[in-house]
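Residue numbers begin at 1 in each chain, while the letters A, B, ... track the order of the sequences.
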Number of protein chains: 2
Amino acid sequence: MSGLEGNPYDPNCPTRTILDRIGDRWTVLVVGTLGHGPARFSQLASAVGGVSSKMLTQTLRALERDGLVQRTVYAEVPPRVEYALTDIGQTMREPLSALEHWAKSYVPEVLSAREAYDTHHGVK
Amino acid sequence: MSGLEGNPYDPNCPTRTILDRIGDRWTVLVVGTLGHGPARFSQLASAVGGVSSKMLTQTLRALERDGLVQRTVYAEVPPRVEYALTDIGQTMREPLSALEHWAKSYVPEVLSAREAYDTHHGVK
DNA sequence: CTGTATCCACGCTGATACTG
DNA sequence: CAGTATCAGCGTGGATACAG
């Protein structure tokens, strides 16, 4: 019964695990970019936009550790490193797309609900 | 083009908006619980488990502000407050379920990928 | 019962500088 | 090119106490 309910700290709760991963600021953007095909570190950096190399590395490492992204280093000079979604990584795009689709459909309403709320209560 | 790509700080990016909301620790649990039907504050508290009243209130207020949850106060003694998903709130359950379903299917693999990774690299 | 008010510690994140 | 190292700031969330 560890789905939309359950202890949020339970490391065995699958939903919490994935939520913790996609809840950060860059993971979804990186997965979305890699969905178009493999990309190099610098390509990802400019495609995502505004991400520091530290954060990009950190995001990529987490994804790699989870088996969602494949990291390939080519022994060249200058160094070339390519990242690609694994098969599992690919499957994650679907629920993410569902979320994106929902967002595009309803967030405008959410935003206007916020305005209305802020108008009737104190806007800070 | 503000979907799985785009500026993560853009307040107009729908995906970012929803990700910011469900990325926290309690929102998904609360929505999941309310999916079974309306519930009172104390019912939510025990159903979710481990949440402080501060955090539960904060989560509920955010959901209410976004028009996803309806808050109804009954002028009784002792006070009774009931929370329920709005129509829009209900629609959000679908993409959340998709995510949950994905999680249940693939997180076991993710977890073993982590173990494998930690074995080959330094485990802390 | 249903919250509100404080205080505080932790972790995430960005900026900056440096390296193979 | 593709990172790593270090540091500092800020927000998020928990504990606790109190209130309508």
Side-chain angles (χ1 to χ4, degrees), chain A residues 7-11 16-17 19-30 33-34 38-66 69-84 117 121-122 124, chain B residues 7-11 16-17 19-30 33-34 38-66 69-84 117 121-122 124:
Chain A
N7 186 335
Y9 298 112
D10 180 3
R16 171 87 346 247
T17 301
L19 245 20
D20 281 343
R21 173 83 35 262
I22 70 174
D24 70 59
R25 200 157 298 273
W26 305 109
T27 295
V28 171
L29 267 356
V30 168
T33 301
L34 288 179
R40 305 178 52 170
F41 188 87
S42 53
Q43 290 178 317
L44 284 170
S46 58
V48 167
V51 63
S52 66
S53 68
K54 174 191 166 183
M55 278 302 102
L56 185 53
T57 299
Q58 189 171 303
T59 303
L60 255 5
R61 285 289 182 283
L63 252 10
E64 187 194 1
R65 182 169 101 106
D66 286 358
V69 157
Q70 169 73 38
R71 180 174 181 264
T72 309
V73 182
Y74 295 93
E76 302 174 357
V77 175
R80 182 162 61 98
V81 181
E82 213 168 64
Y83 294 90
Y117 185 98
H121 304 67
K124 292 75 176 275
Chain B
N7 187 333
Y9 297 112
D10 180 4
R16 179 87 255 128
T17 301
L19 245 20
D20 281 344
R21 173 83 33 265
I22 70 173
D24 70 58
R25 199 157 299 274
W26 305 110
T27 295
V28 172
L29 267 357
V30 168
T33 301
L34 288 179
R40 305 178 52 171
F41 187 87
S42 53
Q43 290 178 316
L44 285 171
S46 58
V48 167
V51 63
S52 66
S53 68
K54 173 192 167 184
M55 280 300 103
L56 184 54
T57 299
Q58 190 171 301
T59 302
L60 255 6
R61 285 289 182 282
L63 252 10
E64 186 194 2
R65 183 169 102 107
D66 286 357
V69 157
Q70 169 73 36
R71 180 173 181 265
T72 309
V73 182
Y74 295 93
E76 302 174 354
V77 176
R80 181 163 60 100
V81 181
E82 211 168 65
Y83 294 90
Y117 185 97
H121 303 68
K124 295 73 173 279

Nearest 0.5 Å, what's the CH2-OG1 distance between B:W26 and B:T33?
->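 Result: 11.0 Å between the selected atoms.
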Measure the CD1-OG1 distance between A:I22 and A:T27 for me, rounded to the nearest 0.5 Å.
->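 The OG1 atom of A:T27 is 8.5 Å from CD1 of A:I22, to the nearest 0.5 Å.
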Please tabulate, for side-chain N and O atoms in residues 53-62 of chain A, each donor-acceptor pair with protein atoms closer than 3.5 Å (sequence neighbours left out).
residue	atom	partner	partner atom	Å
A:T57	OG1	A:S53	O	2.8
A:T59	OG1	A:M55	O	2.8

Between [atom2] on [N] and [atom1] on [X], what's the gap in Å once rounded to a whole number?
X	N	atom1	atom2	answer
A:Q58	D:dT4	CD	C1'	12 Å
B:I22	D:dT12	CD1	C1'	17 Å
B:L56	D:dA15	CG	P	14 Å
B:Y74	C:dG3	OH	C1'	18 Å
A:R80	D:dG3	CZ	P	13 Å
A:F41	D:dA2	CZ	C1'	6 Å
A:R61	C:dC12	CZ	P	17 Å
B:L60	C:dG3	CG	P	7 Å

For nucleotides 15-20 of chain C, give me every protein contact, N/O to N/O, under 3.5 Å, one pair per line with atom names.
none

Residues in side-chain hydrogen bond (donor to acceptor under 3.5 Å, both in side chains) contact with B:R40, at least two apart in sequence or another chain =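 Here no residue qualifies.
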Selected nucleotide, minimal atom distance to A:S42 side chain, candidates C:dT13, C:dT2, D:dC1 =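 Selected nucleotide (nearest to the side chain): D:dC1.
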B:Y83 side chain: which of D:dG3, C:dG3, D:dC1 is closest?
->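 Comparing D:dG3, C:dG3, D:dC1 against the side chain of B:Y83, the answer is C:dG3.
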Within a strict 4.5 Å, meaning less than it, do heavy atoms of the B:T17 and B:D66 side chains meet?
->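 B:T17 does not reach B:D66 side chain to side chain.
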Apply side-chain contact (heavy atoms from CB on, under 4.5 Å) to B:L19 and A:R25, showing your working.
-> CA-CA 9 Å; B:L19 245 20; A:R25 200 157 298 273; over 6 Å; no
So, is B:R71 near the phosphate of C:dG3, with a side-chain N or O under 4.0 Å from OP1 or OP2?
->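 Checking B:R71 against C:dG3: at least one side-chain N or O falls below 4.0 Å of OP1 or OP2.
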Are OP1 or OP2 of C:dT2 and a side-chain N or O of B:R40 less than 4.0 angstrom apart?
->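 For B:R40, the contact criterion (side-chain N or O under 4.0 Å from OP1 or OP2 of C:dT2) is met.
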Donor-acceptor list for residues 69-82 of chain B side chains, cut-off 3.5 Å, not counting sequence neighbours:
residue	atom	partner	partner atom	Å
B:R71	NE	B:Y83	OH	3.2
B:E76	OE1	B:R80	NE	3.3
B:E76	OE2	B:R80	NH2	3.1

Return the 5'-most residue of the pair A:T57, A:P78 with respect to DNA chain D, ranking by each residue's nearest nucleotide.
->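 Residue closer to the 5' terminus by nearest nucleotide: A:P78.
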